[in-house]
Amino acid sequence: MAGTLAGEQPGGAPGPDRTRPPLRRRWDTGGVRVGLTGGVASGKSTVSAVLTELGAVVIDSDVLAREVVARGTPGLEQVVAAFGAGVLTPEGDLDRAAVGAIVFADEAQRRVLESIVHPLVRARSAELEAVAGPGALVVHDIPLLVEGGMAPAFDAVVVVDVPPELQVERMVRDRGWSAEEARARIAAQATREQRLAVATHVIDNTGTREQLRERVEQVHAELLAAAS
Ligand SMILES: CC(C)(COP(=O)(O)OP(=O)(O)OC[C@H]1O[C@@H](n2cnc3c(N)ncnc32)[C@H](O)[C@@H]1O)[C@@H](O)C(=O)NCCC(=O)NCCS
Ligand SMILES: Nc1ncnc2c1ncn2[C@@H]1O[C@H](COP(=O)(O)OP(=O)(O)OP(=O)(O)O)[C@@H](O)[C@H]1O
């Protein structure tokens with residue numbers, strides 16, 4: 001159901017957070033800060049790419065989470081200290097598949113990894129935001145925005161919404177993961193309902209890529225209008 005407006009939820013899911021003040025009163029002076037989230041493989045990167053084309057400055061937490069543990073970084077040293085040299089490839093990079101297998105099967109281990117990576121990602125995000133031009137529409141693509149209780153920090157929260165079955169289908173189709181691996185990632189995240197509960201804007205991504213683009217253009221225009 002592409003073109004879902006805030007308040008018109010598919011499948012009877014709860015609507016966006018109505019306790020938030022209207023957008024117009026939430027903007028600080030200067031730029032507009034938007035949080036973009038959604039479950040794994042919901043389509044956040046696809047949405048981010050369109051927003052970038054439209055002129056937004058997108059700061060992608062997944063990209064930063066890779067940078068802060070790149071070969072030779074203090075972040076990678078910390079991960080090795082916590083998980084052992086077995087999580088490195090022969091070339092000395094983080095073996096992401098190996099770490100994923102550990103942390104998505106064991107919540108305590110996931111918390112350990114997050115306690116290393118998340119502070120580094122937050123610091124880098126703040127640096128990047130500081131160099132975005134005045135008046136920029138800054139979009140933070142944060143998979144774990146809801147889990148981290150970060151919704152109140154943003155002027156608007158855009159949620160990319162798909163049902164879990166479609167997440168699994170896309171992960172299996174496009175990433176070669178087993179359905180079991182896909183479900184383990186979903187289980188490590190907030191529920192669809194929890195995300196929708198904090199949304200100011202919902203982007204339904206159960207339709208075609210063209211329908212997704214149209215909806216992103218619509219939300220982008222709404223965000224700019226609310227900020228002006
Ligand atoms: C476990 C790791 C090495 C697996 O790497 P991999 O290349 O397979 O996945 P990638 O990093 O591209 O993440 C893909 C998606 O998995 C989901 N995901 C990643 N980390 C987590 C997590 N800690 N909890 C729940 N879901 C997660 C997100 O939806 C993310 O968009 C990696 O995801 C990681 O370092 N995770 C911890 C850092 C983190 O929380 N990142 C999320 C954004 S800051
Ligand atoms: N409307 C759509 N129709 C079909 N496939 C789509 C659609 N939107 C996205 N996809 C595909 O689904 C997969 C997941 O999309 P994308 O990578 O944008 O999700 P994501 O939320 O950024 O994922 P992650 O949580 O791993 O960062 C990709 O392979 C993407 O090309």
Side-chain angles (χ1 to χ4, degrees), residues 1-4 35-52 58-70 73 75-76 78-80 82-83 86-89 93-125 139-148 150 158-178 181-192 194-195 203-216:
M1 194 172 82
T4 304
L36 171 69
T37 194
V40 56
S42 56
K44 296 179 299 298
S45 303
T46 312
V47 168
S48 285
V50 177
L51 288 171
T52 302
V58 176
I59 300 175
D60 184 331
S61 292
D62 275 341
V63 171
L64 300 185
R66 284 171 186 262
E67 284 179 11
V68 299
V69 294
T73 57
L76 184 56
Q78 288 181 58
V79 172
V80 171
F83 291 88
V87 297
L88 293 176
T89 65
D93 293 309
L94 188 66
D95 183 338
R96 306 186 68 85
V99 179
I102 296 169
V103 304
F104 294 112
D106 183 338
E107 185 177 349
Q109 298 276 53
R110 195 166 68 247
R111 299 281 175 235
V112 171
L113 181 66
E114 290 174 355
S115 73
I116 298 168
V117 177
H118 288 182
L120 297 170
V121 168
R122 276 198 296 272
R124 188 72 188 118
S125 297
V139 178
H140 290 266
D141 177 345
I142 308 181
L144 304 181
L145 183 149
V146 172
E147 293 82 342
M150 289 176 256
V158 178
V159 170
V160 186
D161 181 56
V162 293
E165 313 83 73
L166 193 52
Q167 288 174 269
V168 173
E169 189 184 308
R170 289 180 180 163
M171 280 184 265
V172 169
R173 182 194 69 193
D174 298 340
R175 299 187 183 168
W177 294 350
S178 68
E181 286 170 310
R183 287 197 195 97
R185 279 220 197 196
I186 291 173
Q189 301 189 340
T191 63
R192 185 183 185 191
Q194 286 169 326
R195 278 188 291 268
I203 295 180
D204 175 86
N205 188 22
T206 58
T208 64
R209 290 172 195 274
E210 289 68 33
Q211 287 171 319
L212 177 63
R213 167 176 276 278
E214 277 171 30
R215 176 65 182 139
V216 176

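Order of appearance sets the numbers: ligands from 1, and atoms from 1 within every ligand.
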Pairing of Arg185 and Glu181 as salt bridge, 4.0 angstrom limit: no
Glu210 bridged to Arg213 by N-O distance under 4.0 Å: no
For ligand 1, which atoms sit closer than 4.0 Å to a heavy atom of [X]?
{"X": "Val117", "result": "38 (C)"}
{"X": "Ala188", "result": "25 (C)"}
{"X": "Arg66", "result": "7 (O), 10 (P), 12 (O)"}
{"X": "Phe104", "result": "1 (C), 18 (N), 19 (C), 20 (N), 21 (C), 22 (C), 24 (N), 25 (C), 26 (N), 27 (C)"}
{"X": "Pro143", "result": "28 (C), 29 (O), 31 (O), 43 (C)"}

By side chain to side chain donor-acceptor pair (under 3.5 Å) - contacts of Glu67 (at least two apart): none
Location of contacts on Leu144 toward ligand 1, heavy atoms closer than 4.0 Å: side chain
Mode of Glu147 contact toward ligand 1 - side chain, backbone, both, neither (heavy atoms, under 4.0 Å): neither
If you measure from [atom] to every heavy atom of [options], which option wins on shortest distance?
{"atom": "atom 30 (C) of ligand 2", "options": "Arg170, Arg209, Arg185, Arg215", "answer": "Arg209"}
{"atom": "atom 18 (O) of ligand 2", "options": "Val47, Thr46, Asp60", "answer": "Thr46"}
{"atom": "atom 8 (O) of ligand 1", "options": "Met171, Arg185, Lys44, Arg96", "answer": "Arg185"}
{"atom": "atom 19 (O) of ligand 2", "options": "Gly38, Gly43, Ser48", "answer": "Gly43"}
{"atom": "atom 17 (O) of ligand 2", "options": "Gln211, Arg175, Arg173, Arg213", "answer": "Arg175"}
{"atom": "atom 39 (C) of ligand 1", "options": "His118, Arg122, Gln189", "answer": "His118"}
{"atom": "atom 30 (C) of ligand 1", "options": "Val103, Asp62, Val40", "answer": "Asp62"}

Qualifying residue, where the test is side chain to side chain contact (heavy atoms under 4.5 Å, CB included) with Val87 and the options are Leu113, Leu76, Val79, Asp93: Val79
Val160 and its side chain to side chain contact (heavy atoms under 4.5 Å, CB included) partner, picked from Thr37, Val216, Asn205: Asn205
N or O contact, Leu212 vs ligand 2, cut-off under 3.5 Å: no
contact_flag Gly39 ligand 2 heavy-atom lt 4.0 Å: yes
Heavy-atom gap Ser42 to ligand 2 smaller than 4.0 Å: yes
Could you tell me whether [X] and ligand 1 have an N or O pair separated by under 3.5 Å?
{"X": "Arg175", "value": "no"}
{"X": "Glu114", "value": "yes"}
{"X": "Ser61", "value": "no"}

I'd like to check which ligand 2 atoms, numbered from 1 as shown, lie under 4.0 Å from a non-hydrogen atom of [X].
{"X": "Asp174", "answer": "11 (C), 12 (O), 13 (C), 28 (C), 29 (O), 30 (C)"}
{"X": "Gly207", "answer": "1 (N), 2 (C), 3 (N)"}
{"X": "Thr208", "answer": "1 (N)"}
{"X": "Asp62", "answer": "27 (O)"}
{"X": "Val40", "answer": "25 (O), 26 (O)"}

What is the distance from atom [atom1] of [X] to atom [atom2] of [Y], rounded to the nearest 0.5 Å?
{"X": "Trp177", "Y": "Arg183", "atom1": "CH2", "atom2": "CZ", "answer": "14.0 Å"}
{"X": "Phe83", "Y": "Leu94", "atom1": "CZ", "atom2": "CG", "answer": "9.5 Å"}
{"X": "Leu144", "Y": "Met150", "atom1": "CG", "atom2": "CE", "answer": "6.5 Å"}

Which protein non-hydrogen atom lies closest to [atom], naming both residue and atom, and how far is it?
{"atom": "atom 25 (O) of ligand 2", "value": "Lys44 NZ, 2.9 Å"}
{"atom": "atom 8 (N) of ligand 2", "value": "Asn205 ND2, 3.0 Å"}
{"atom": "atom 41 (N) of ligand 1", "value": "Ala65 CB, 4.1 Å"}
{"atom": "atom 34 (C) of ligand 1", "value": "Leu113 CD2, 3.9 Å"}

Would you say [X]'s side chain and [Y]'s backbone share a donor-acceptor pair under 3.5 angstrom?
{"X": "Ser42", "Y": "Val162", "answer": "no"}
{"X": "Glu147", "Y": "Ala190", "answer": "yes"}
{"X": "Gln189", "Y": "Ile186", "answer": "no"}

Contact check, side chains of [X] and [Y], non-hydrogen atoms, under 4.5 Å:
{"X": "Asp141", "Y": "Asp62", "result": "no"}
{"X": "Arg96", "Y": "Val69", "result": "yes"}
{"X": "Pro164", "Y": "Gln167", "result": "yes"}

Nearest non-hydrogen partners of Thr206 and Pro163, listed with the distance: CG2-CD, 3.5 Å
For the student: nearest non-hydrogen atoms of Ser61 and Ile142, plus distance: OG-CG1, 3.5 Å
Partner residues of Arg173 under the salt bridge (charged side-chain N to carboxylate O under 4.0 Å, His left out) criterion, sequence neighbours left out: none
